[in-house]
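In what follows, a single structure is set out as structure tokens and then discussed.
Residue numbering restarts at 1 for every chain, and letters A, B, ... go by the order of the sequence lines. Both backbone and side-chain heavy atoms feed into the values below; hydrogens, waters and symmetry mates do not.
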Number of protein chains: 2
Amino acid sequence: MISTKGDYGVRALIDLAVHAGEGPVQRADIASRRHISESYLDHLLAQLRRDGFIRSTRGPGGGHELAKPAADLCLLHVLESLEGSLAPIGCVHEDSADDEHDPLCGQQWVWRELYDGMRERLAEISVAELVEREQAREQAIAPSYSI
Amino acid sequence: MISTKGDYGVRALIDLAVHAGEGPVQRADIASRRHISESYLDHLLAQLRRDGFIRSTRGPGGGHELAKPAADLCLLHVLESLEGSLAPIGCVHEDSADDEHDPLCGQQWVWRELYDGMRERLAEISVAELVEREQAREQAIAPSYSI
DNA sequence: ACAATGCTGACCAAGTTGGTCGAGAATAAC
DNA sequence: GTTATTCTCGACCAACTTGGTCAGCATTGT
Ligand code: FES
Ligand code: FES
């Protein structure tokens with residue numbers, strides 16, 4: 001359901017969010033920090049740029065930056081950009097919202113219900129929240145600096 | 001996430017549940033009623049039999065039957081039998097339940113949360129409920145018999 | 001001019017999906 | 001015990017997806 005496209009793409013956005021305000025971040029840095037193949041990451045960044053999540057600049061000192069505050073990037077839009085539809089099964093899409101009951105299959109309502117719930121939850125989670133949790137976890141693991 | 005294996009397999013179980021108590025149901029009947037390739041259905045029934053959801057008998061008059069009441073067949077077990085793990089992403093499995101925080105990726109908690117929720121919901125839905133809903137829908141569509 | 005950096009599309013190996021096919025095994029009916 | 005019926009099992013297949021790699025081009029700072 002979620003391939004490395006979505007996973008790596010979100011990792012990249014987290015990285016950009018962490019280093020926001022420090023000027024453009026280069027793909028090589030993202031790739032090495034987040035353990036992603038550099039040339040594969042290219043394609044993911046291209047997709048994120050096409051959909052307006054990041055801004056890129058070429059030439060020396062170039063790189064990538066978030067186009068919006070991390071708090072305004074919700075996981076739902078990001079993942080749908082990277083993965084296409086997140087539908088758990090082919091016959092369910094987000095625009096088949098209402099009571100359009102397909103008479104073919106008696107289990108469609110299950111997937112529609114689960115899909116709607118998932119999309120709702122993903123829309124609530126922002127990249128900023130992911131960064132917060134990551135940093136909170138890092139502090140919990142290594143509090144040795146405060147000795 | 002859910003391929004035709006799971007979809008067709010559940011359709012077949014619904015069919016068996018509808019015709020429960022009428023003796024063994026032949027795969028050709030299931031296939032034609034539920035629009036499934038007959039020889040493909042073979043493999044799905046084999047898997048369902050291996051995991052004890054159905055019972056099969058050979059020879060003339062043979063066929064397949066539910067091994068348990070439809071109310072005791074929950075969608076979670078059936079789908080995990082047919083599809084393998086339903087995890088939305090590779091690094092999340094059902095037995096990584098507790099606080100085993102993988103330090104690699106800052107979004108694992110999202111998938112863990114969604115996955116747990118999904119499994120909980122699927123465990124609540126039985127094949128019997130699918131049959132009920134299907135029949136309720138059929139009556140809603142064609143109430144013309146009561147004229 | 002040149003070096004650094006991003007952009008793009010072609011290409012590729014491995015795995016998954018959604019089947020098909022054919023040989024065989026069990027069993028009921030005759 | 002022969003035959004027709006039905007399930008069983010494994011091999012095989014074409015198309016597609018995944019997770020990349022690579023070469024070449026475009027842009028820009030120095
Ligand atoms: S065809 Fe969509 S749920 Fe079965
Ligand atoms: S590696 Fe599992 S969520 Fe990123």
How long is the line joining [atom1] of [X] and [atom2] of [N], in whole Å?
X     : N      : atom1 : atom2 : result
A:L44 : C:dG9  : CG    : P     : 15 Å
A:I89 : C:dT17 : CD1   : C1'   : 14 Å
A:Q47 : C:dG6  : CD    : C1'   : 16 Å
A:Y40 : C:dT8  : OH    : P     : 17 Å
A:M1  : C:dT16 : CE    : C1'   : 17 Å
A:R55 : C:dC7  : CZ    : P     : 13 Å

Reckon [X] has a side-chain N or O less than 4.0 Å from the OP1 or OP2 of [N]?
X     : N      : result
A:S37 : D:dT21 : yes
B:K5  : C:dT17 : yes
B:Y8  : C:dG19 : yes

Pairing residues for B:E83 by the side-chain hydrogen bond (donor to acceptor under 3.5 Å, both in side chains) criterion, not counting sequence neighbours = B:S3
In B/S/- notation (B base, S sugar-phosphate only, - none; protein heavy atoms under 4.0 Å), nucleotides 3-13 of chain D written 5' to 3' is --BBBBBBB--
Side chain to side chain contact (heavy atoms under 4.5 Å, CB included), paired with A:V78, selected from A:D51, A:I125, A:V10 | A:V10
Result for side chain to side chain contact (heavy atoms under 4.5 Å, CB included) between B:L122 and one of B:R119, B:M118, B:E124 points to B:M118
Report yes if some heavy atom in the side chain of B:L66 is under 4.5 Å from a heavy atom in the side chain of B:F53; otherwise report no.
-> no
What one should report as the nearest heavy-atom pair of A:L44 and A:L82 is O-CD2, 4.1 Å
Kindly compute the distance separating CD (B:Q107) from CD (A:E134), expressed to the nearest 0.5 Å.
-> 10.0 Å
